[in-house]
Each structure stands twice: as structure tokens, then as C-alpha cells.
Student: 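Have a look at this one before I ask anything.
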Amino acid sequence: MVRQLAYHEIHEIFARFQAVEPEPKGELDHVNAFTLLVAVALSAQATDAGVNKATRALFAAVDTPQKMLALGEEGLTEHIRTIGLYRQKARNVIRLSQILVDSYGGEVPSSRAALQSLPGVGRKTANVVLSMWFHHPAQAVDTHVFRVGNRTGIAPGRDVEQVERAIEDHVPAPFQKHAHHWLILHGRYICVARKPKCGICPIRDLCLYEEKTL
DNA sequence: ATCCCGAGGG
DNA sequence: CCCTCTGGAT
């Protein structure tokens with residue numbers, strides 16, 4: 001496993017991320033907590049661009065669990081057919097909407113346990129909603145964060161929870177809030193999975209990737 | 001560990 | 001063609 005970078009190195013890395021993008025936002029379109037939850041649930045193994053294309057028309061008409069139930073599973077399936085895993089996702093979103101109406105007054109719950117009890121909502125999706133909407137200090141570790149954390153030495157770990165903890169323990173407090181989005185953006189546009197663009201990487205001199213592979 | 005699944009990129 | 005994309009449930 002890659003070694004853990006030192007505190008001052010990680011501080012410098014995030015200072016550079018901040019200089020490039022001072023207020024990083026998620027790139028999943030949404031208009032409220034419910035549509036955020038649905039968009040994140042739909043984004044599993046899919047690109048944000050693909051999800052946004054499908055939810056643009058959907059969220060214009062459907063922005064509450066009640067309206068989602070009125071649309072129905074078949075109607076929802078038509079909207080999201082272009083997204084991977086669409087059958088399971090349609091079924092989960094309809095079941096989830098029913099639970100929100102039945103048990104949470106049509107609102108999105110703000111506790112991790114309640115969120116993760118919803119069908120199709122696991123640790124990662126719950127963390128995104130908790131941090132993005134409810135401003136809780138939760139670190140969502142997805143494929144990008146996991147890859148970048150391990151490659152660079154910012155947050156190495158064998159599994160998601162180890163990487164989560166490494167971020168909590170080693171990313172300086174002032175950068176915690178936006179760490180998730182900075183790591184996502186870095187992973188999406190520079191530290192890409194297949195062929196990382198080290199030639200244009202702003203943190204190349206601090207990263208452990210080439211040291212490890214060469 | 002495996003399944004679910006389509007779109008886009010290389 | 002093959003791989004990857006802000007995973008979750010079994």
C-alpha cells in the first residue's frame with residue numbers, strides 16, 4: 001500500500017486545489033433534497049452527464065416523492081432508460097418514495113441510519129446527502145476518491161471506510177468541507193482511472209503515484 | 001464475489 | 001473491442 005502523505009504535504013495539495021476552484025460544487029443537477037437524493041441514487045456506475053441528461057426532463061415535472069409515485073415505475077423507467085442499471089434504480093426510487101411519504105412526511109430524513117435504510121441508498125449515497133444538503137461532516141468515498149486517495153497518498157486504505165477515516169484524520173480542518181468535491185474533480189479530469197494525466201497535474205511534485213509505479 | 005445495466009471513451 | 005462511470009443488495 002502507498003504510504004500516507006504528511007500533514008504539510010496534504011495542506012499544500014488542497015491549497016492548490018482551492019486556488020484553482022475556490023468553491024467546488026457537485027455536478028449532479030437537483031432542485032431540492034428529494035431530487036438530490038434521487039440523482040445520487042441514479043448516479044451509481046453512471047456519469048454525471050448521463051444522469052443530468054435524464055433528470056432534466058424528469059425533475060421539471062417530478063420534484064416530490066408524491067409526484068414520483070404518481071409517475072409510477074413504468075413512467076420513471078422511460079425517463080431513466082439511458083442510465084445504467086435503470087431497472088433496479090427505477091424500482092428503488094419508487095419504493096424509496098413510498099417510504100418517504102409513509103414514514104417521513106414526504107421529507108428526506110437527515111440521519112444516516114434513516115437514509116441508509118432506504119432501498120438503493122448505501123453509505124456513499126447517504127454521505128453525499130448528509131454533507132451536501134445537511135452540511136454534516138461526512139466524507140463520501142466513491143470510485144474517484146478511493147482511487148485518488150490511494151494513488152496520491154492523500155488517503156490510502158484497503159476499503160472505503162479506511163479511506164474515509166484517512167480523509168477525516170489527515171486532511172486539515174479548513175479543507176474538510178470541500179475535500180470530497182476537490183478529490184472528485186481531480187479524479188474526473190486529471191487523475192483519471194485509465195491513463196492519469198500526470199503531465200498537467202498540479203500536484204505531481206507531491207504525489208506518490210509515479211514514485212510507486214516507476 | 002457477483003449481479004445489475006447503458007453510454008461514452010480509447 | 002474493452003474499460004470506466006460519484007454503488008447497492010444479495
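Throughout, protein chains are lettered first and strands after them, A, B, ... in sequence-line order, and every chain is numbered starting at 1. Values reported hereafter were calculated over all heavy atoms of this structure, with side chains retained and with hydrogens, waters and symmetry mates removed. These numbers come from a predicted model, not from an experiment.
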Student: Could you state the atom-to-atom distance from CD1 of A/Ile167 to C1' of C/dT6 in whole Å?
Tutor: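 Going from CD1 in A/Ile167 over to C1' in C/dT6 covers 12 Å.
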
Student: With rounding to the nearest 0.5 angstrom, report the CZ to OG1 distance, A/Arg91 to A/Thr77.
Tutor: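 Reported value, rounded in 0.5 Å steps: 10.5 Å.
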
Student: Using 30° and 60° as the class limits, which term best fits the ring planes of A/His178 and A/Trp182: parallel, tilted or perpendicular?
Tutor: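 It falls in the perpendicular class, over 60°.
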
Student: Does A/Arg81 have any side chain to side chain donor-acceptor pair (under 3.5 Å) partners at least two apart in sequence or in another chain, and if so, which?
Tutor: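 Per chain and number, A/Arg81 pairs via side chain to side chain donor-acceptor pair (under 3.5 Å) with A/Glu78, A/Tyr86.
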
Student: For DNA chain C, what residues of residues 43-55 of chain A have any heavy atom nearer than 4.0 Å?
Tutor: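 The answer is A/Ser43, A/Ala44, A/Gln45, A/Ala46, A/Thr47, A/Asp48.
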
Student: Rounded off to whole Å, could you give me the CG-to-C1' distance for the A/Leu185 and C/dC5 pair?
Tutor: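 The answer, rounded to whole Å, is 15 Å.
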
Student: Run the numbers on A/Arg112 and A/Asn127 for side chain to side chain donor-acceptor pair (under 3.5 Å), then give the verdict.
Tutor: CA-CA 8 Å; A/Arg112 167 187 301 287; A/Asn127 277 338; 2.6 Å; yes

Student: Please give the distance between the P atoms of C/dT6 and B/dG10 as a whole number of Å.
Tutor: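 About 14 Å, rounded to a whole number of Å.
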
Student: NE2 of A/His180 versus P of C/dT6: gap in Å, rounded?
Tutor: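 My rounded result for the distance is 10 Å.
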
Student: Between A/His180 (side chain) and A/Ala140 (backbone), is there a donor-acceptor pair under 3.5 Å?
Tutor: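 Confirmed, A/His180 side chain pairs with A/Ala140 backbone.
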
Student: Nearest-Å distance, CZ (A/Arg194) to C1' (C/dC1)?
Tutor: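 Spelled out: CZ on A/Arg194 to C1' on C/dC1 is 11 Å.
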
Student: Near DNA chain C, which residues from residues 75-97 of chain A have a heavy atom under 4.0 Å away?
Tutor: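 A/Leu85, in order of number.
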
Student: Quick one: are A/His186 and A/His144 in side-chain contact, heavy atoms under 4.5 Å?
Tutor: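 Side-chain contact under 4.5 Å: no.
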
Student: Do other residues, nucleotides or ligands put more than 12 heavy atoms under 6.0 Å from A/Glu107 CD?
Tutor: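 No, not enclosed.
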
Student: In whole Å, what separates the C1' atom of C/dC5 from that of B/dC4?
Tutor: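 After rounding to an integer number of Å, I get 15 Å for this pair.
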
Student: May I have the distance from A/Leu37 (atom CG) to C/dT6 (atom P), rounded to whole angstrom?
Tutor: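 Those two atoms, CG and P, are 18 Å apart.
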
Student: Using a heavy-atom cut-off of under 4.0 Å over every strand shown, decide if A/Gly26 touches base, sugar-phosphate, or nothing.
Tutor: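 Base: the residue A/Gly26, judged by heavy atoms under 4.0 Å, touches a nucleobase.
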
Student: Parallel, tilted or perpendicular: which one describes the rings of A/Phe17 and A/Phe14, with boundaries at 30° and 60°?
Tutor: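 It falls in the perpendicular class, over 60°.
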
Student: When you measure from the side chain of A/Asp63 to the backbone of A/Phe59, do you find a donor-acceptor pair of N or O atoms at a distance under 3.5 Å?
Tutor: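 Not at all, since once roles are kept as given, no pair shorter than 3.5 Å links the two residues.
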
Student: Can you give me every donor-acceptor pair (side chain of residues 37-50 of chain A, partner residue at least two apart or in another chain, under 3.5 Å) with its distance?
Tutor:
{"unit_1": "A/Ser43", "atom_1": "OG", "unit_2": "A/Val40", "atom_2": "O", "d": "2.7"}
{"unit_1": "A/Thr47", "atom_1": "OG1", "unit_2": "A/Gly50", "atom_2": "N", "d": "3.1"}
{"unit_1": "A/Asp48", "atom_1": "OD2", "unit_2": "A/Arg188", "atom_2": "NH2", "d": "3.0"}

Student: Using heavy atoms and a sub-4.0 Å distance, could you list which residues of residues 110-126 of chain A are near DNA chain C? By number, please.
Tutor: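 The stretch gives A/Leu118, A/Pro119, A/Gly120, A/Val121, A/Gly122, A/Arg123, A/Lys124, A/Thr125 as the residues lying under 4.0 Å from the strand, ordered by number.
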
Student: Nearest 0.5 Å please: distance from the CD1 atom of A/Ile13 over to the CD1 atom of A/Ile154.
Tutor: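 The distance works out to 4.0 Å.
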
Student: For the pair made of CG in A/Asp159 and C1' in C/dG8, what is the distance, rounded to whole Å?
Tutor: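 Rounded to whole Å, this separation is 16 Å.
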
Student: If I pick the P atom on B/dC5 and the same atom on C/dT10, what distance separates them, to the nearest angstrom?
Tutor: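 After rounding to an integer number of Å, I get 14 Å for this pair.
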
Student: Could you tell me the separation between the NE2 atom of A/His30 and the C1' atom of C/dT6, rounded to a whole number of Å?
Tutor: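 In whole Å, C/dT6 C1' lies 14 Å from A/His30 NE2.
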
Student: Applying salt bridge (Lys or Arg N to Asp or Glu O under 4.0 Å) as the test, list every pair that has at least one member in residues 196-205 of chain A; sequence neighbours left out.
Tutor: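 Checked against salt bridge (Lys or Arg N to Asp or Glu O under 4.0 Å) - neighbours excluded - the pairs reaching residues 196-205 of chain A are A/Arg16-A/Asp205, A/Arg204-A/Glu210.
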
Student: Rounded to whole angstrom units, what separation is found between the CD atom of A/Glu161 and the P atom of C/dG8?
Tutor: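 The answer, rounded to whole Å, is 12 Å.
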
